[in-house]
Amino acid sequence: MSTKKPAAPKSALAGTDTLDRGNTNAKLESLEKFRSDATEQALRTNQGVKVSDNQNTLKVGDRGPSLLEDFIMREKITHFDHERIPERIVHARGTGAHGYFQSYENHSVLTKAGFLQDPAKQTPVFVRFSTVQGPRGSGDTVRDVRGFAVKFFTDEGNFDLVGNNMPVFFIQDAIKFPDFVHAVKPEPHNEIPTGGSAHDTFWDFVSLVPESAHMVMWAMSDRAIPKSLRSMQGFGVHTFRLINAEGKSRFVKFHWRPAAGTCSLVWDEAQKLAGKDTDYHRRDLWESIEMGDYPEWELGVQVVEEENEHTFDFDLLDPTKIIPEETVPITPLGKMVLNRNPDNFFAETEQVAFCPGHIVPGIDFSNDPLLQGRLFSYTDTQISRLGGPNFHEIPINRPVAPFHNGQRDALHRTTIDRGRASYEPNSIDGGWPKETPPAAQDGGFETHPERIDANKIRQRSESFGDHFSQARLFFHSMSKHEQEHIIAAYSFELGKVEREHIRAREVNEILANIDLELAKRVAQNLGLPAPKAGTVDVPKISLDRSPALSQANLLPGDIKTRKVAILAANGVDGAAIDAMKAALKAEGAHAKLLGPTSAPVTTADGKALPVDASMEGLPSIAFDAVFVPGGAASIKALSTDGVALHYLLEAYKHLKAIALHGEAKQLLDVLKLEVDAGLIVEKDAAKLTKPFFAAIGQHRVWDREPKAKAIPA
Ligand code: HDD
């Protein structure tokens, strides 16, 4: 007789997805028919046979050997054995969300792309953010470039803007990509390190390849440890073209600017988060969307008229260069809102397949040799990752625009093509599907007819030859604290490099050509001899500083969606908690009440307050700021509670705003801290919110940084 587990309660079965996630749009509707909901459905095999026993293999007697005949067990195990697909060779760790893009106005002067014409139209998008180096299970907060890939499901076909959160790249030519990736990936003998670039092969490569200098500078800056995915800028990196209905082409660089502002973690916090909450960034994105704090970005372009192509002190085709925003300001095009989490990570986020070659009429490529190589690489990689050339039929990748052509068969084909003629021209199927001339209404794609008259050669243009002036521009555009972070990051990373000649080469041949002071400081931290001035004659460029590059200038100033921890023990002033929660809510920020344990705390007037978590459960690194309400007994308890004291010291060390109310002032003496612009002490709860919120709006208390260094990590 079979021994079965009791049937699962109905409520558990019903849990598949009863959430009303609001917004539906064309893409979601097109996905609808592929969604599976097992609520109140019988368990069946993949062939549709109802299963009567999902607990026991078919055996000869209840203690005997299993039978090969058991097709139910074999189907289940076989499927399981093949559940994994190859992870992406780069950008393996990622997270995605659905949303929409909406144009601000009709941009027909710039482009004929349909999704940039009608301000009333919402174009569905799917976005995947990623790190580059680490495998699928690696930490979110490692020092790394972040991928920012957007798939626009336009009525004219899919447009993929496959960018990063940094506007330049490590190399100038796609043929160097495998070399670069092999160097940055974990080392081949021991597969260390996971998720980071602090190792010999990376620094060996970049110190030998000066074209990487500018991008490495970005990677050593705070941009490589973003506070959240919602607070990252995005860049198309390459120069593209926009083409209008008259066929006029202009060069453009794409930019995404987050409504939440652009800000970062601090290094110690990022390292701790990588251990304590590997999923920190994906959790933040997921929770923001679930809470209705929909992340938002503005899409814009820097536009360069064709006749101005050669007016810059760099080559527009060189992906290691930016066009400073002070030279060519950004023209806003529209906004993107992410308002729906995927239903299934594998089906959507893992199987989504981007390709910079997915463009629509009105958009075209430039001859950037890095972009040109990418046009080949992505489709090629999808074929091995997703098992064949039919990956466009996977629901998340299917365009909302219809697709008909003569491409047939191959692995995993799901379309059942009708008609006999899979060739063109044909007379059997009336000649269908037919070409659409570009000039027709909703015309076919037409490549910009750029005239090129040159020899076939393997050569890099001399105009790609300046590798240091923009790295210098970046360093000089940083605020003092950002420069200090860059020096610390180079010192940390190179400190992990075992071979001294690699450290020395980076300092003397790269950093000394960017900025001698930077090179000297890093050399000092590594115990290397003081470097001499660099030997490269770095050209003088038109700008000394680009304020748009500094994150110090990229904050909105408000405290929307910021998270505040409220620390309390028994005897806490309940009214102060209520007042703070209400004030935060009014500003669109969030509060969580934390106690010494997960048990409720009792207020001074005897009310039991449920807590959201214990202080250990949600450490200070999960928050933007900390509030300690008064209440004599509560403060007495917190003053001798090591977890609470560490909480506050850690928040202080990470330069976060801290507000101490009433009796909480005593904690200053216990912790030996002094009041500063972000450490606010106030008897009167009503007076506390203004300076506290102002400090949170500044993201960090940077002036505190030198003092905070004395606080143990
Ligand atoms: Fe790439 C993935 C961004 C250069 C080859 N790349 C990938 C993803 C992003 C970028 C965001 C992840 C997409 C996703 O979420 O699925 N890559 C960039 C940027 C580059 C760049 C901004 C330079 C400006 N990439 C680049 C080059 C090559 C590749 C030069 C090859 C010649 N990239 C790939 C790839 C990946 C990829 C191997 C891995 C998985 C995938 O494509 O779908 O084909």
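Indexing begins at 1, ligand by ligand and atom by atom, following the structure's order. Numbers here simply count residues along the sequence, with the first being 1.
For the pair Glu306 and Arg241, the salt-bridge criterion is met [side-chain N within less than 4.0 Å of a carboxylate O]. A salt bridge links Arg88 with Glu350: the closest approach of a Lys/Arg side-chain nitrogen to an acidic carboxylate oxygen falls below 4.0 angstrom. Ion pairing between Asp173 and Lys176 fails under the 4.0 Å rule for side-chain N and carboxylate O. A salt bridge is defined here as a Lys NZ or Arg NE, NH1 or NH2 lying under 4.0 Å from an Asp or Glu carboxylate O, and Arg93 with Asp279 meets this definition.
In this structure, Lys151 forms a cation-pi arrangement with Phe354, its terminal cationic atom sitting closer than 6.0 Å to the ring centre and no more than 45° off the ring axis.
Closest approach of Lys321 and Gln470 over heavy atoms only: CA-OE1, 3.2 Å.
Protein residues are said to neighbour a ligand when one of their heavy atoms lies under 4.0 Å from it; for ligand 1 these are Arg88, Ile89, Val90, His91, Arg128, Gly147, Phe148, Val162, Gly163, Asn164, Phe169, Ala174, Phe177, Val237, His238, Phe354, Leu370, Arg374, Ser377, Tyr378, Thr381, Gln382.
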